[in-house]
2 protein chains.
Amino acid sequence: MPFPTETGRAVLTTNIVVFSLRDEQLKLLLVRRRNPPFQGCWALPGGVVGEDEDIEANATRKLEEGTGVSGVYLEQLCTFGDPGRDPRERVISVAYYALVASERLQVRSDAHGEDVGWFALAELPPLAFDHAKMVQVARQRLAAKLDYSTIAFQFMPERFTLSDLQKVYQMILDRDLDKRNFRKRMLAMDQIRETDEVRRNGSHRPARLYRVANPQEVQIIK
Amino acid sequence: MPFPTETGRAVLTTNIVVFSLRDEQLKLLLVRRRNPPFQGCWALPGGVVGEDEDIEANATRKLEEGTGVSGVYLEQLCTFGDPGRDPRERVISVAYYALVASERLQVRSDAHGEDVGWFALAELPPLAFDHAKMVQVARQRLAAKLDYSTIAFQFMPERFTLSDLQKVYQMILDRDLDKRNFRKRMLAMDQIRETDEVRRNGSHRPARLYRVANPQEVQIIK
DNA sequence: GCAAAAGTGTTCTAGGTACACCCATGT
DNA sequence: ACATGGGTGTACCTAGAACACTTTTGC
């Protein structure tokens, strides 16, 4: 029993908007295209989904190839499939976004030389295909999820200070937050735990270190 | 410059979770499959995307074919593409959900006889493929959007009472709401307008009729 | 006059926001 | 002793939740 149409087959791909915090900035992982179309242009990592490969598994695999990291938070974002978005033929791209703690990143990403790079959101180069649109949607989704989930903890290293965490929120939301209110809210949601360690860092009072209570899960709160 | 792979092409389809309020219940539009696989089984409306057809345009078209209604609210939900979700070959389905005011529905949907039907959410028959999962995701999304958007107004006819509107919210959220608080909240968001008409409906006080201020747009509020 | 749905306000609580000073350390 | 970032509490305000009675009509 064949499929009732012989037309309309499309190439299936994924693209991943990989966020990470580097140099105190929210950055994206981009790769430079080696082949046409958009040769030499920066683009989101991703690739063609194998014949018997699960779509999300493909995204996970491409992410691991690009960052050397496994077990990161990955969520389906949106699917792009305009005819003509790829000049060669019909290509469907399922876009994902991912959050990686920078401490987990391998040097590998940089070792590739000019072909892989991290770019601050405000300084993105022109992107291939409709990837700029994907980035925009991902950014909105990320900012929205800050409000009602523990997604921001995905960026945090094993041990971190409340000031570290506040900087993360401020970078994503792109505005300053009140220190006292922020701490109150973070502690009230009961998702981070005080450790008995502190971090000494310059000529001032050391900062208490915290850890995420459930580092694996992203909880929906409230 | 051909695409660098000859494998991995997939059939591209859409499926639409069409919600409407009928008989004071939240119902879904289903169609009965005439061909294998899942012959005779109920499934979500949808179909194969044409070679040069936009994906969302395909969903709109299939929705119009099933309901006779155009200009309805339609939003991309999620993409399903497990290898093996269709036994014939690799099929990617981009799921959408749509909200239709029941007054706008043509009789056509019923005229097809047994092939098209509206089913209450609590009484869905077994569904083909992974359509049950699509319904579940759509339902969650719809309930979530009630809280922070004007999406519920998409179900409302030209003129309606606040009691009508409250029933809609109660059906979607599946719980009772306080009448006074509900009215206060609805009026506070300033998205519906009082008309000078009332509806007489039985031996009791007539109800004031309202209209939606911006029927076309779904606004994100708060 | 009675049954039935429409309509209307107040109180309480919780969460968010605004806001300023002391603490512990290194130099 | 001073510069630096870490750490803390209170007052206010707003939004949401709980809650009961009067109004208008048809019969």
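Convention: sequence-line order gives letters A, B, ...; per-chain numbering from 1.
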Trace of the salt bridge (Lys or Arg N to Asp or Glu O under 4.0 Å) decision for A/Arg199 with A/Asp164: CA-CA 11 Å; A/Arg199 181 200 294 157; A/Asp164 292 342; 2.9 Å; yes
Are side-chain N/O atoms of B/Glu75 and B/Tyr97 paired as donor and acceptor at under 3.5 Å? yes
Given that A/Leu162 and A/His204 both sit by DNA chain D, which one's nearest nucleotide is further toward the 5' end? A/His204
When rounded to whole Å, the CG to C1' distance for the pair B/Leu187 and C/dA6 reads 13 Å
The residue, A/Ser203 or B/Arg180, whose nearest nucleotide of DNA chain C is more 5′ is B/Arg180
Rounded to whole Å, please give me the gap between CE in A/Met186 and P in D/dT8. 16 Å
Does B/His131 use its side chain to pair, donor to acceptor, with the backbone of B/Leu44 at less than 3.5 Å? yes
Using whole Å, report how far CZ of A/Arg205 lies from P of C/dA24. 5 Å
Under 4.0 angstrom between A/Arg183 side-chain N/O and D/dG7 OP1 or OP2: yes
Is the shortest side-chain N/O distance from A/Ser163 to OP1 or OP2 of D/dG5 below 4.0 Å? no
Check whether the side chain of B/Asn181 and the base of D/dA18 form a donor-acceptor pair under 3.5 Å. yes
If you count heavy atoms of other groups shown closer than 6.0 angstrom to CD of B/Gln25, is the number above 12? yes
Could you pick out which residue, B/Arg200 or A/Asp164, lies toward the 5' side of DNA chain D when each is mapped onto its nearest nucleotide? A/Asp164
Ignoring hydrogens and angles, are the base of D/dT10 and the side chain of A/Lys184 linked by a donor-acceptor pair under 3.5 Å? yes
Would you kindly give the CE-to-C1' distance between A/Met189 and C/dA14, to the nearest whole Å? 17 Å
Check the distance between C/dA5's P and B/Gln166's CD and give it to me in whole angstrom. 14 Å
Just call it for A/Asp178: base, sugar-phosphate, or nothing, with non-hydrogen atoms closer than 4.0 Å on any strand. base
Separation of D/dA17 atom P from B/Phe182 atom CZ, nearest Å, is 13 Å
Could you check whether B/Glu194 pairs with B/Arg208 (Lys NZ or Arg NE/NH1/NH2 to Asp/Glu carboxylate O, under 4.0 Å)? yes
A/Asn201 CG - D/dG6 P separation (whole Å): 8 Å
Taking NZ from A/Lys179 and C1' from C/dC22, how many angstroms apart are they, rounded to a whole number? 11 Å
